[in-house]
Amino acid sequence: DPSELTATVATTSAISGKDLQGYLSKIPANKQVVVLDTCHSGAASKALMSVSRSVSGDYQRAYESIRDATGTWMLAGSASDQLSYESSNVEHGMLTYSLLEAIDKATSDGLRQGSGDSLFVDVEQWLKYASVRVESLKNEIGVGGIQRPELKRASAASSFDVGVTTKAKRGSIGLKAPKPIVIMGNFDQEQEDPAGLEKGVEKAMKGSTQVKLWTEVTKHPGVFRIAGSYTLKDGEVSVKVAIQKFDVEGNRQTLQSFTLKGTKAEVSKLAESIRDEVESKIVELEKKAG
């Protein structure tokens with residue numbers, strides 16, 4: 001808390017923006033990315049960004065971008081008058097978790113898609129993902145208060161890659177999810193979906209308050225997957241739903257299954273009933289798991 005700053009604190013357990021700027025200027029790295037996941041960190045950004053550093057296929061592009069890009073990128077966890085929140089629920093600060101999530105999830109919304117399965121940690125895309133993700137993450141965890149990260153860069157700065165991962169490495173960081181994650185499988189009748197149930201279930205699951213739906217990922221270690229098959233006769237729908245979970249190697253196992261009935265005319269109500277049952281059973285499974 002800046003109001004508690006004393007001469008003793010300033011010399012033993014704090015660092016000024018001016019001092020940090022001086023230390024950064026002495027680092028011989030060609031490129032710099034600074035992340036401050038601290039309360040009131042936006043207050044330091046103006047001083048740190050006042051000095052710009054400049055230096056004269058996929059992996060080749062990554063190398064070229066590092067060689068040619070200039071400037072310092074900075075992501076502050078909160079504005080100068082805001083707090084940066086942490087939660088034991090995810091075992092990290094909101095900003096740190098968001099940065100790690102982009103890499104662990106390994107999708108094109110947080111990383112730059114290369115050829116094949118390669119995803120590059122493009123500084124601009126990565127930091128933008130984290131700065132936006134903080135707010136939704138706080139809502140998922142139930143953390144109140146305002147925290148809006150500030151992303152800034154030197155005027156001459158252009159983006160560059162700082163790393164690369166692949167879809168095969170999803171989950172390798174082992175982040176603790178803020179709420180159970182669910183991946184959508186197929187809902188069909190003999191490889192077709194005449195009742196439009198799959199779209200209905202996906203819409204219902206997106207509105208869930210108990211679990212989080214991932215639509216861009218088809219498998220991920222430690223998360224749940226739902227899928228179902230149904231019969232349709234004279235407008236009546238009977239669907240068998242399977243709740244599965246992926247192990248550390250990405251193999252899935254069915255944990256529970258249940259059957260519900262509804263009508264094609266009211267497929268949205270059936271989809272909502274499926275969501276409610278999935279929520280209840282997954283919460284129960286999570287409690288049993290510890």
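Bear in mind that the values here come from a model prediction, so they are computed numbers and not experimental data. Atoms considered below: every heavy atom in the structure, side chains included; atoms not considered: hydrogens, waters and symmetry mates.
No donor-acceptor distance shorter than 3.5 angstrom exists from the side chain of Y97 to the backbone of L137, with no hydrogens or angles considered. Counting only distance, with no hydrogens or angles, the side chain of D161 and the backbone of F120 share no donor-acceptor pair below 3.5 Å. No donor-acceptor pair closer than 3.5 Å links the side chain of S280 to the backbone N or O of D276. Proximity of a side-chain donor or acceptor of Q244 to a complementary backbone N or O of L255 within less than 3.5 Å is not detected. Although no hydrogens or angles enter the test, the distance criterion places a donor-acceptor pair under 3.5 Å between the side chain of K179 and the main chain of T209. In this structure, S159 contributes its side chain and E124 its backbone to a donor-acceptor pair below 3.5 Å. Of the possible donor and acceptor atoms, one in the side chain of D104 sits under 3.5 Å from a partner among the backbone N and O of I173. Side-chain N or O atoms of W126 include one that pairs as donor or acceptor with a backbone N or O of L99 at under 3.5 Å.
Taking the charged nitrogens against the carboxylate oxygens, E286 and K245 do have a contact shorter than 4.0 Å, which makes a salt bridge. Checked for salt-bridge contact, E284 and K281 miss the test: no charged N lies under 4.0 Å from a carboxylate O. Taking 4.0 Å as the cut-off between side-chain N and carboxylate O, R133 and E140 count as a salt-bridged pair.
Hydrophobic clustering of Ile, Leu, Val, Met, Phe, Trp and Tyr side chains at less than 4.5 Å, counting indirect connections, keeps V211 apart from V223.
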Donor-acceptor pairs under 3.5 angstrom involving side-chain atoms of residues 183-190: please list them, not counting sequence neighbours.
from	atom 1	to	atom 2	distance (Å)
Q189	OE1	L232	N	2.7

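Counting heavy atoms from C-beta outward, T107 and R170 have side chains that approach closer than 4.5 Å. Side-chain atoms of M205 and I226, non-hydrogen and from C-beta on, do get closer than 4.5 Å to each other. Counting heavy atoms from C-beta outward, L175 and H92 have side chains that approach closer than 4.5 Å. Within the 4.5 Å cutoff, no side-chain heavy atoms of L111 are placed close to those of Y129.
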Intermediate values then yes/no, salt bridge (charged side-chain N to carboxylate O under 4.0 Å, His left out), K138 and E135: CA-CA 5 Å; K138 283 172 59 264; E135 187 64 26; 3.8 Å; yes
